[in-house]
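Naming: A, B, ... by sequence-line order, numbering from 1 per chain. All values below come from the heavy atoms of this structure, side chains included, with hydrogens, waters and symmetry mates left out.
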Amino acid sequence: MNISQLQKVLREKVVQTAKEKFNVELGTAVAGEVPPKTELGDLAFPVAFELAKRIKQQTGKKKNPREIAETLRAALETQDFVERVEVAGAGYLNVFYNRAKFLSESVSANASAEQNSSGNETISKVCVEHTSVNPNKAAHIGHVRNSVLGDTFVRILRASGKRVEVQNYIDNTGVQVADVVVGFVYLEKKNLDDIKQLDENLKAGGKSFDYYCWDLYAKVGVAYQQNEGLKTKRAAVLHSIEEGNNETAMLADFVATRNVECILKTMERLSIRYDLLPRESEILHLHFWQKAFEEMKRRDVIKYEIEGKASGCWVMPFESHAGNDEHDADKILVRSNGTVTYTGKDIAYQMWKLGLLGLDFYYKLFREYADGKAVWITTAEDLRSEKVPVFGSNETVYNVIDSRQSYPQEVVKKGVATIFPERGEAASVHLSYEMVALSPNAAEQLGFTLSEEDKQKSFIEMSGRKGLGVKADDLIDRLEANALREVETRHADLSMEEKKKTAHTIAIGALRYFLLKFTLTTVIVFDFKEALSFEGETGCFCQYSAVRANSIFRKLEENALENATETISNSQTEIQELFATENEVWSLITLASRLGETIAQAVTATEPAILAKYTFGLAKAFNLFYHNHKIITEENPVKRALLIATADLARKSLTNALMTLGIEVPERM
RNA sequence: GCUCUCGUAGCUCAGUUGGAUAGAGCGUUCGCCUCCUAAGCGAAAGGUCGCGCGUUCGAGUCGCGCCGAGAGCACCA
């Protein structure tokens, strides 16, 4: 029996007893909570207060909460795993587990392998879309927050037993790509061959294509301000790109694809990989919108306006948003000139993700990652050549998009739910998070001169158009360089290859943890000092804790763990006696056992930070344990066994937690 | 104008469907390497949980109203 099963049994017992003794139906409302201190028990039910109220409502009689708690206590104490139950305070019911029994169960459960159901095709599939950087420049730290959140949520879903499809949407036919094309064609007078040559030259010089585009994009932004005519050019370029099958479209395709390659490479440094890259070009060419439009008309959820401001447009009515003079309650999906809005296209795409469109893409292999995993990209032609996995048709779709898009995302969710009430709004989840902004200080460190107005602000929004932002690869490079310096002073004996590998692992741990420790609703005001730190609440701290744990086992005799497990099952009485004084050891064991529960919480709350905080707490608890107990020199064999088993439970839980955060544990650090 | 998010220690942030004495990191001060890795551990100091009213046995958490900060509300994407 693991901890969550145990809690479930106890909760049910409370409900059952309330029904039998007091005739009160608590339903699932009964909550078990972790007491603030180990001395107060392992699980608490503040349920007697609620019961007292309900009894009064039903019978008119006042009943003392403590008295009620006493009755429940007797019932809970009959449970095998419960050592004792105390009634505390005004009526808290504090449950103490049988520690020795709990430990030996945990240790043997630990030995008999783990879960994993990710390969099981019968489990329904969910989709997480994240990253979706416009393929016209390098990714900056704000994009990385999106990707790290998305990737971590994918890992969390998988750890909780879900089958997950990871999509990275490529807006290869949008204005942002058009802007860079304008830069290449009109500012730099380059054709496709020139750009290919440029790309070769950049490669030879160790420079990156997406960095070049980053600067060019900023230059185009400036040029638009000085030259209105250039904006007309952009409209024409955009039109050609959308239409396809022409020189401009081919040039744009090259630029977008090269940027996608660069961005994927950046993300791979962070251990972020994708299953599919759906492109806007295919959504256009395979006429996804037309199909969705037909379905909307067939189901009569869209109307053609013949008067008013939106005259000549097709709109979807929304009751939830009351309109006013300035803004309509209805959302325009088709403009009066017959073209589709972004929201319209997005609804069609969301329908495909949920398996509701009745059309599919064609697919080709985009590339294989170093670990052998394949990432596919959509195409408009049926190539029929390869074994393509099944994409789309997801039970639930999580769209990782920053909070500024909450309104359009709500329209997509409600739109799809209006067309398909049988699936409802729950199928579409907007995993919304706040942006990463720059502290004025950080912006100046990047070499930007700030206006007086900007200096007054608490933070400054990053802007691709202005070229203002911390590029992901730059930051990773700095983190790796810093980590390498530290590794060199500590482990001069390691080979350069090993040192670099360790530095890389530390750098990624630092960056991922830094982005994950904030909750989704918090704006991260980026600060170099904080982001580059390896001390305190950092990924590095968590890794260090796990590395220390592993180093104990490297120094212990080979069968130490097996022997400890045996000792524990043969010495239950002595273990129980040891636990009487070793509260701190016990609380580390219970904390380590709560990983599964924490992951489940992170899924329900769609909040990866819950897992990050848990991981840090566990690392801290282990460091304390490590400091206070010397395992190798411990002479009492039973205590030694207890400490070994505890260290093993903690390091396994910590390693799994870190893995779910996408953070590896180095050999040494 | 309307909608959403946020306001907790000097700074940056956590705070489980309402529950026990509101926590962590950084910074400050003071300790700890003859000992499994000091990227660590311990201690001290630091709070009117923006303000007010309400609901409740119980409010940082829920409701209403103010104050302050941010984002959004296109026939843009």
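Nucleic acid contact class of A:Arg668 (heavy atoms, under 4.0 Å, all strands): base. Note on A:Asn64: nothing from the nucleic acid sits closer than 4.0 angstrom, heavy atoms only. At a threshold of 4.0 angstrom between heavy atoms, the contacts of A:Asp171 are confined to the sugar-phosphate backbone, with no base atom among them. Counting non-hydrogen atoms under 4.0 angstrom, A:Leu624 reaches the backbone sugars and phosphates but no base. Contacts of A:Ala44 with the nucleic acid, taken as non-hydrogen atoms under 4.0 Å apart, include base atoms. Residue contacts for A:Lys620: at a heavy-atom cut-off of 4.0 Å it reaches the sugar-phosphate backbone alone, with no base atom in range. Here A:Tyr92 lies in heavy-atom contact (under 4.0 Å) with a base. Note on A:Lys613: only backbone sugar-phosphate atoms sit closer than 4.0 angstrom, heavy atoms only; bases stay farther off. As judged by a 4.0 angstrom heavy-atom cut-off over every strand, A:Phe553 is placed among residues making no nucleic acid contact.
Nucleotide B:A77 holds its P atom 12 Å from the CD atom of A:Gln405, rounded to whole Å. Atom CZ in A:Arg54 sits roughly 15 Å away from atom C1' in B:C57 (whole-Å rounding). Taking atom CZ of A:Phe622 as the reference point, atom C1' of B:C41 lies 13 Å away to the nearest angstrom.
The aromatic rings of A:His629 and A:Phe625 lie tilted to each other, with the angle between the two planes from 30° to 60°. Using cut-offs of 30° and 60° for the angle between ring planes, the A:Trp314 and A:Phe293 rings count as perpendicular.
Distances from the side chain of A:Lys630 to the nucleotides B:G70, B:C35, B:G19 place B:C35 closest. The side chain of A:Val547 lies closest to B:U37, out of B:G72, B:U37, B:C41. You'll find that the side chain of A:Phe49 is closest to B:G19, out of B:U21, B:C6, B:G19. Checking B:A14, B:A39, B:A71 against the side-chain heavy atoms of A:Glu486 singles out B:A39 as nearest. Nearest nucleotide to the side chain of A:Thr519, out of B:C36, B:A14, B:A39: B:A14. With distances taken from any side-chain atom of A:Thr522 to the nucleotides B:A14, B:G40, B:A39, the minimum falls on B:A14. Nearest nucleotide to the A:Glu537 side chain, out of B:A24, B:A77, B:A39: B:A24. Taking the side chain of A:Glu535 as heavy atoms from C-beta on, and the options B:A39, B:U5, B:C35, the nearest nucleotide is B:A39. Taking only side-chain atoms of A:Glu33, from C-beta outward, the nucleotide of B:G19, B:A77, B:C36 with the closest atom is B:G19. The side chain of A:Tyr626 lies closest to B:A38, out of B:C75, B:G70, B:A38.
For A:Ser336 against B:C75, a side-chain N or O and a base N or O form a donor-acceptor pair under 3.5 Å. On a pure distance criterion of 3.5 Å, no polar donor-acceptor pair joins the side chain of A:Glu530 and the base of B:U12. Side-chain N/O atoms of A:Asp179 and base N/O atoms of B:A77 include no donor-acceptor pair closer than 3.5 Å.
Between A:Glu86 and A:Arg73, none of the side-chain N atoms (NZ, or NE/NH1/NH2) sits under 4.0 Å from a carboxylate O, so this pair counts as no salt bridge. Ionic pairing of A:Arg668 and A:Glu486 is not present here: no N-O contact between side-chain nitrogen and carboxylate oxygen is shorter than 4.0 angstrom. A salt bridge is absent between A:Glu664 and A:Arg512: the closest approach of a Lys/Arg side-chain nitrogen to an acidic carboxylate oxygen does not fall below 4.0 angstrom.
When the side-chain nitrogen and oxygen atoms of A:Tyr544 are compared with OP1 and OP2 of B:A39, one or more of them lie within a distance under 4.0 Å. Side-chain N/O atoms of A:Arg548 include one lying less than 4.0 angstrom from OP1 or OP2 on B:A38. One finds a side-chain N or O of A:Asn623 lying less than 4.0 angstrom from the OP1 or OP2 phosphate oxygen of B:C41. Between A:Lys555 and B:U37 there is a side-chain polar atom (N or O) within less than 4.0 angstrom of OP1 or OP2. For A:Thr489 and B:A39, the shortest distance from a side-chain N or O to OP1 or OP2 is not below 4.0 Å. At the phosphate of B:G72, neither OP1 nor OP2 sits under 4.0 Å from any side-chain N or O atom of A:Ser406.
For the C1' atoms, the distance linking B:U28 with B:C73 amounts to 46 Å, nearest Å. With both ends at atom P, the span from B:U12 to B:G58 equals 35 Å, rounded to whole Å. Nucleotides B:A39 and B:G47 are separated by 32 Å at their P atoms, to the nearest Å. Here the separation of B:G46 from B:G7, taken at their P atoms, is 24 Å to the nearest Å. A gap of 11 Å separates the P atoms of B:C2 and B:G65, to the nearest Å. The C1' atoms of B:C51 and B:G60 are separated by 14 Å, rounded to the nearest whole Å. Nucleotides B:C53 and B:A59 are separated by 13 Å at their C1' atoms, to the nearest Å.
Both tests do not hold together for A:Arg594 against A:Tyr614: distance to the six-membered ring centre under 6.0 Å, angle to the ring axis within 45°. Under a cutoff of 6.0 Å and an axis angle of 45°, A:Arg651 and A:Phe553 form a cation-pi pair. Geometrically, A:Arg478 engages A:Phe528 in a cation-pi contact, judged by NZ or CZ lying under 6.0 Å from the ring centre and within 45° of the ring axis.
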Exercise. Where do A:Tyr92 and A:Phe49 land on the ring-ring contact (aromatic ring centres under 6.0 Å, His included) test, with the steps shown first?
Worked result: CA-CA 9 Å; A:Tyr92 286 96; A:Phe49 310 110; 5.6 Å; yes
**Item:** ring-ring contact (aromatic ring centres under 6.0 Å, His included) assessment of A:Phe541 paired with A:Phe616
**Value:** CA-CA 8 Å; A:Phe541 177 98; A:Phe616 175 64; 5.2 Å; yes
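The residue among A:Ile524 and A:Val340 whose nearest nucleotide of RNA chain B is located toward the 5' end is A:Ile524. Heavy-atom distances to RNA chain B give each of A:Ser311 and A:Glu667 a nearest nucleotide, and the one nearer the 5′ end belongs to A:Glu667.
Across all strands shown, B:C51 pairs with B:G65; the Watson-Crick or G-U wobble distances both stay below 3.5 Å. The partner of B:A38, taking Watson-Crick or G-U wobble pairs whose two distances both stay under 3.5 Å, does not exist in any strand shown. Across all strands shown, nothing is found opposite B:U56 as a Watson-Crick or G-U wobble partner with both distances under 3.5 Å. For B:A45, there is no paired nucleotide, since no Watson-Crick or G-U wobble pair has both relevant distances below 3.5 Å. Pairing for B:A24 goes to B:U12, judged as Watson-Crick or G-U wobble with the two contacts each under 3.5 Å. Remark: B:G72 base-pairs with B:C2; criterion is Watson-Crick or G-U wobble with both hydrogen-bond distances under 3.5 Å.
For B:C6, the glycosidic angle deviates from 0 by more than 90°, giving an anti base.
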